[in-house]
Amino acid sequence: MPKSALVVVDVQNDFISGTLALKDCPAKEDGLEVVDVINELTKLEGWDLVVFTLDWHPQDHISFATNAHKFKQHCDSKVHLECAEVYDKVVFNVEDDQKREQVLWPPHCVQGSWGAELHKDVYVPAGSVTVKKGVNTSLDSYSAFFDNDKINETELCQVLQSHGIDRTFICGLATDICVNFTATHSNELGFKTYVIEDACRGVDNHNIQCALCKMDESGITRIKSDKISSLLTTKEPPMQ
Ligand code: VGL
Ligand code: ZN
């Protein structure tokens, strides 16, 4: 029987009703809708590991539009940092001439703030593991495995391997950003990777569709939450 991990991505207050609430983003999806679905999933028997990831930024983080003017602009940046706004894609010059592309967001998930807390109605089973990401001032990290430039790695791969995990089931917020990057890296690292479609909500419709298509092409399996129970408890075929 393959070993399975549920990875719940960034179901944090800011993405539900805080500064980066998905319901105010272009796709107008409601992050709160995943909470009940995810609670049904975490309660299933058969998980070998449940992981909760947290976007966990310092106040001076490079992804916050309000901080853009405090960093150095790269000559390739089409948008000037002095007039950069939320959703703009800018290019920074950081740490001795490294080029760093970045989409700007409102300040969100500041370490220790209410917005960074897991939503209060999310059920956290005993023994589950929490992985924080995006903790460095000048590096963003959509994926729970690596930062966006693959300079640093979190402990997630190590944790999955130490539990002998073969398959990951990814859900949470946001479909086109952190779920997408986490699932893509999970797949690249050799885990059989599933994305639980009805347990995800996203930022932008076009980007959601693109992300799902790319996942399909890369061999990630999209699945509905009501199909998971039987996958986790596949029985031996009956004797004739
Ligand atoms: C996320 C935008 C910025 C996410 C995190 O969790 O999807 N999106 N930081
Ligand atoms: Zn973030």
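Just follow the structure's listing: the first ligand is 1, and inside any ligand the first atom is 1.
- For atom 8 (N) of ligand 1, the nearest non-hydrogen atom of the protein is Ile177 CG2, 3.6 Å.
- In summary, no N, O or S atom of Cys109 is located under 2.8 Å from the Zn ion (ligand 2).
- Proximity of a side-chain donor or acceptor of Thr184 to a complementary backbone N or O of Asn180 within less than 3.5 Å is detected.
- Summarising the geometry, atom CG belonging to Leu41 is positioned 4.5 Å from atom CD1 belonging to Ile196; distances are rounded to the nearest 0.5 Å.
- Between the side chains of Glu95 and Ser138, at least one donor-acceptor pair of N or O atoms lies under 3.5 Å.
- There is no side-chain donor-acceptor pair under 3.5 Å between His69 and Asn67.
- The backbone N or O of Gln73 lies less than 3.5 Å from no partner atom in the side chain of Ser77, so there is not a single donor-acceptor pair.
- For atom 5 (C) of ligand 1, the nearest protein heavy atom (residue, atom name, distance) is Asp55 OD2, 3.1 Å.
- The single protein non-hydrogen atom nearest to atom 2 (C) of ligand 1 is Trp105 CE2, 3.4 Å, given as residue, atom name and distance.
- To the nearest 0.5 Å, the span separating CG on Leu6 from CH2 on Trp47 amounts to 4.5 Å.
- The Zn ion (ligand 2) sits nearest to atom OD2 when only the N, O or S atoms of Asp55 are considered.
- Taking a 4.0 Å cut-off on heavy atoms, Gln12 fails to register as neighbouring ligand 1.
- Using modelled atom types, one finds no donor on one side chain facing an acceptor on the other under 3.5 Å when comparing Ser4 with Asp48.
- Each of the atoms 4 (C), 6 (O) of ligand 1 lies under 4.0 Å from some heavy atom of Asp10.
- Heavy-atom contacts of Cys178 reach the following atoms of ligand 1: 1 (C), 4 (C), 5 (C), 6 (O), 7 (O) (cutoff under 4.0 Å).
- A cation-pi arrangement is present between Lys43 and Tyr123, with the terminal nitrogen or guanidinium carbon under 6.0 Å from the aromatic centre and inside a 45° cone about the axis.
- Taking the Zn ion (ligand 2) as reference, the nearest N/O/S atom within His108 carries the name NE2.
- Nearest protein heavy-atom contact of atom 3 (C) of ligand 1 is His108 NE2, 3.4 Å.
- Only backbone heavy atoms of Leu173 (N, CA, C or O) come within less than 4.0 Å of ligand 1; its side chain stays farther off.
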